[in-house]
Amino acid sequence: MGKSKDFLRRIVEEDLRSGKYREIVTRFPPEPNGFPHIGHAKSISINFGIAKDYDGRCHLRMDDTNPTTEDTRYVEALKDAVKWLGFEWDNGIRHTSDYFPRLYEYAVELIKMGKAYVDSLNEEEIREYRGTVTSAGKRSKYAQRSIEENLDLFERMKKGEFEEGEHILRARIDMASPNMKMRDPLLYRIRHTHHYRAGNEWAIYPMYDFGHCLSDYIEGVTHSICTLEFENNRDIYNWVIDTLGLPPPRPYQHEFARLNINYTVMSKRKLLELVENGVVSGWDDPRMPTIAGYKRRGYTPESILNFCEQVGIAKANSVVDVSQLEFCIRDDLNKKVPRVMCVLDPLKVTIENYDGSEEIDASYYPDDVPKEGGRKLPFSKEIYIERDDFMENPPKGYYRLTPEQPVRLKHAYIISCREVVKDAGGKIIEIKAEYYPESKSGSDTSGIKVKSAIQWVDAKAVGAVEVRLYDRLFKNEAPEGIEDINPDALKVVKNALVEPAVITERPDERFQFERQGYFYADPVDYTDEKPVFNKIVGLKDSWAKKTKAPERTPKPQAKKVQVDGEVAPMSEAEQVLFDKYTLELKLNNEIANTLARDGQLSHFYEEAISVVNSPVSVANIVANEVARELKDKQAAELKFSAKQIAGLVEMIDDGTISSKIAKQVFEEMAKSGESPAQIVEAKGLVQISDPAKIEPIIDEIIAKNPDNVAKFRAGNTKLLGFFVGQVLKTTGGKANPKVVNELVAEKLK
RNA sequence: UGGGGUAUCGCCAAGCGGUAAGGCACUUGGUUUUGGUCCAAGCAUUCGGGGGUUCGAAUCCCUCUACCCCAUCCA
């Protein structure tokens, strides 16, 4: 039952198994031009996670090739993020800028090979010359320059003799490539800018496509994992390494889908916009999807990592529901943090029959959290409860305090409402209540049944704190930018009332405020004089769900109509073939169509039927199996011949082998080029059709799977396949499936 | 429009010719001094559509459709 591995880990395992690499080296290569967000966390979790899983190493490398946008402040944020998530990078932080000298040498080498040239077109011309996605580009006249001239120019570019934009180094690949990225990509540009690390030493800086692959190579990276939008860049990645002829081991690039979450934005540009426009208080605003933001909000590294694991790694663009993230943090905090009481919107309750005061022992943790610890709760005549824990005219199903319904004060006594005091405007300002002395929590002999227990705080022993209630930053599921900001994403409660132990004992930094949610002592603004708590996430609230109208209406959304496009008409020659196949050879339309439209296939087919007179069987194999092999190969590259296919068909037709075995034989043939008869002989693949041989096997399988037999008899006919499959498996695929099918159906009746 | 990708439940996501995993969300019911947690049950006769091959297809073949990426001297 081994848990299924993601496709990257599968590749890594295969590379290890095949001996391609002895040790796995990955890297997390951010550009230090912004704060890392939860999408980076996914990348960190993948790269460091894989290195950890396979006993390899993971490097942290600043991909700092663009001096105009990068800054050391972001480097720090990146380092913090990785550390906070609990990972250690191998042997010091690395920088692409460390490799500038070596990168320069590689570029020179490319020039010497005639594979790179200095172009002097201006920016606009370069764009024009590149062509469009549907039309080829044309090469610059400067591509004619001699190697010597290129060398000289490039060196002078490096020395800073030219203005920005005057010259540029390009690879000489193919200006007509269908892959736009391969149309003589830019390798080095001139930048007279101070680099935050390299200073003013360089006047030229490598482009991503040149610097990245080589940095990976230099570091001995084996698996260069990046996001989907770099798929087109993979060709350059390989081109650079290949044409430089770098000795193995060399890295290979693999792409996965970046993380998206609804109700949030994930691009550095949009995040920067929020910061610069003051929509949020900074990169670490608790509403930001940055790692710094989540950290300040109170998320734990464990919850983020767990989230990354839950969403998985695949190649399909997707948008994860934010509720998945919220689940992860609740799930983590539920088993970790102390429960305390805090009243956000206080309503005074005077317990008229209570005098004096007492301290009540209360555990920090509910019974289902196996942790020790507790505190004293001061209790007296005057307390505060949450305003919405009392209703004068409650709806059906309301469990809390009403004029008719008593309620328990969590950890303390049961109270009943005796009188509702209102101000001139009719607003309730106080409840006068009665308590039951014998109802004390833990020694309740009152026999009174209550529907719920609510949080409260003692009026005299209360601490006023600031509580910041955060909600999702955007009101739209797929926000564009500032116009979609949720105006209620932050509500500040200036004077929330919290029980004293939270502040005096500080048993933790994170708390569950009972019945409300999880909260975090703000690491920046919290002081003893003015404690500040951030709401991390609310508790699940099935009452609120029932009360409020469903906010996301199911939206029936009529089934999308599938439009069927036009099929390109056949050429005359194809039509002639098609007619011949259907009319003369009695092929069905689909097979005839497939064959007739593909020159290679029809050719192959004609050759095969000239050997064996079985047009339909041959057609089936050619149109299905041979077509697969011919997808990314030329007919000349095939290891097998039409004649061999004919031989295979003969064996099917005379019953020597079943079509299932035929597939197996075909695969072997495609790989080794041996004749079908040889393969059948060597592997003993002759089919077993004798019921006397098959029946005992069926009996055995039936005996071994009584559950499935019962299910089958109860009407789950799909299970027929299961039994047939089992029989085929035990016979190594040799049992005649038709016979097996009949026998199994018979026996299970 | 050329090229490169991707389509499995409301949202993620396994699956690689033989019984459609799992998580989130949702819906019931039970436990509960948190309307939390926990527990039990229910959630895809069907895998973007249509054909074909096969005893058997989400998986193989053909074809159509939809969406994403590429024409920064960004990464």
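Quick caveat: nothing in here was measured; it's all calculated off a predicted structure. Letters A, B, ... are given to chains in the order of the sequence lines, protein chains preceding strands, and every chain is numbered from 1.
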[X] [atom1] to [N] [atom2], straight-line distance once rounded to whole Å:
X: A:Glu255; N: B:G4; atom1: CD; atom2: C1'; result: 10 Å
X: A:Glu566; N: B:U65; atom1: CD; atom2: C1'; result: 13 Å
X: A:Arg330; N: B:C38; atom1: CZ; atom2: P; result: 11 Å
X: A:Glu625; N: B:U53; atom1: CD; atom2: P; result: 13 Å
X: A:Lys540; N: B:G23; atom1: NZ; atom2: C1'; result: 13 Å
X: A:Ile236; N: B:C69; atom1: CD1; atom2: C1'; result: 14 Å
X: A:Tyr364; N: B:U37; atom1: OH; atom2: P; result: 23 Å
X: A:Lys546; N: B:C26; atom1: NZ; atom2: C1'; result: 14 Å

Same-atom distance ([atom1]) from [N] to [M], integer angstrom:
N: B:U72; M: B:A57; atom1: P; value: 48 Å
N: B:C62; M: B:U53; atom1: C1'; value: 11 Å
N: B:C26; M: B:A20; atom1: P; value: 28 Å
N: B:C16; M: B:C60; atom1: C1'; value: 11 Å
N: B:U8; M: B:U1; atom1: P; value: 23 Å
N: B:G10; M: B:C47; atom1: P; value: 13 Å
N: B:G52; M: B:U59; atom1: P; value: 14 Å
N: B:U33; M: B:G15; atom1: P; value: 44 Å

Using a cut-off of less than 4.0 Å, is there contact between a side-chain N or O of [X] and OP1 or OP2 of [N]?
X: A:Lys631; N: B:C62; answer: yes
X: A:Lys335; N: B:C38; answer: no
X: A:Arg597; N: B:C62; answer: no

Do [X] and [Y] have side-chain N/O donor and acceptor atoms under 3.5 Å apart?
X: A:Asp444; Y: A:Tyr413; result: no
X: A:Arg27; Y: A:Ser224; result: yes
X: A:Asn238; Y: A:Arg234; result: no

Check every strand shown and say whether [X] touches a base, only sugar-phosphate, or nothing at a heavy-atom separation below 4.0 Å.
X: A:Gly397; result: base
X: A:Gly442; result: base
X: A:Phe307; result: nothing
X: A:Arg183; result: nothing
X: A:Arg628; result: sugar-phosphate

* Just jot down the side chain to side chain contact (heavy atoms under 4.5 Å, CB included) partners of A:Glu163, sequence neighbours excluded, or say none. =>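 Side chain to side chain contact (heavy atoms under 4.5 Å, CB included) list for A:Glu163, sorted by chain: A:Glu166.
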Classify every nucleotide of [range] by which part a protein heavy atom approaches to under 4.0 Å, writing B for the base, S for the sugar-phosphate alone and - for neither, in 5'-to-3' order.
range: nucleotides 70-75 of chain B; value: SBSBSB
range: nucleotides 11-21 of chain B; value: SSSSSBBBBS-
range: nucleotides 47-52 of chain B; value: -BS-BB

* **Residue list, ring-ring contact (aromatic ring centres under 6.0 Å, His included) with A:Phe578, at least two apart or on another chain** =>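 Residues passing ring-ring contact (aromatic ring centres under 6.0 Å, His included) with A:Phe578: none at all.
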* **Residues which pass ring-ring contact (aromatic ring centres under 6.0 Å, His included) with A:His95, listed by chain and number, not counting sequence neighbours** =>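 Checked A:His95 against ring-ring contact (aromatic ring centres under 6.0 Å, His included); zero matches.
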Any-strand Watson-Crick or G-U partner of [N], both distances under 3.5 Å:
N: B:C16; answer: none
N: B:U53; answer: none
N: B:A66; answer: B:U6
N: B:A25; answer: none

* A:Gln455 pairs by side-chain hydrogen bond (donor to acceptor under 3.5 Å, both in side chains) with which of A:Glu514, A:Lys410, A:Arg515? ->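 Running side-chain hydrogen bond (donor to acceptor under 3.5 Å, both in side chains) over A:Glu514, A:Lys410, A:Arg515 with A:Gln455 returns exactly one hit, A:Arg515.
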Under a 4.5 Å cut-off applied to non-hydrogen side-chain atoms, are [X] and [Y] in contact?
X: A:Phe307; Y: A:Ile261; result: yes
X: A:Thr547; Y: A:Trp543; result: yes
X: A:Asp184; Y: A:Asp119; result: no
X: A:Tyr208; Y: A:Asn66; result: no
X: A:Asn233; Y: A:Glu229; result: no

* Hey, is A:Phe327 doing a stacking thing with B:G23, by the 5.5 Å centroid and 30° angle criteria? ->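 Given the distance and angle limits, no, they do not stack.
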* To do: Identify, between A:Pro366 and A:Leu228, the residue whose nearest nucleotide on RNA chain B lies closer to the 5' end.
  =>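 The answer here is A:Leu228.
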* Does the B:U34 base have a donor-acceptor partner in the side chain of A:Gln512 within less than 3.5 Å? ->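 By the distance-only test, yes, there is a pair.
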* Side chain A:Arg515 and base B:U34 donor-acceptor under 3.5 Å ->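 There is none.
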* Do the ring planes of A:Tyr237 and A:His212 sit parallel (below 30°), tilted (30 to 60°) or perpendicular (above 60°)? ->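 The rings of A:Tyr237 and A:His212 sit tilted, inter-plane angle from 30° to 60°.
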* Shortest non-hydrogen separation from A:Met182 to A:Ile173 and the atoms involved ->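 Looks like O-CB, 3.4 Å.
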* Is B:U72 in the syn or the anti form, by the rule that syn lies within 90° of 0? ->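 It is syn.
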* **Sidechain-backbone polar pair: A:Asp6 side chain, A:Ile313 backbone, donor-acceptor under 3.5 Å** =>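 Between the backbone of A:Ile313 and the side chain of A:Asp6 there is no qualifying donor-acceptor contact (under 3.5 Å).
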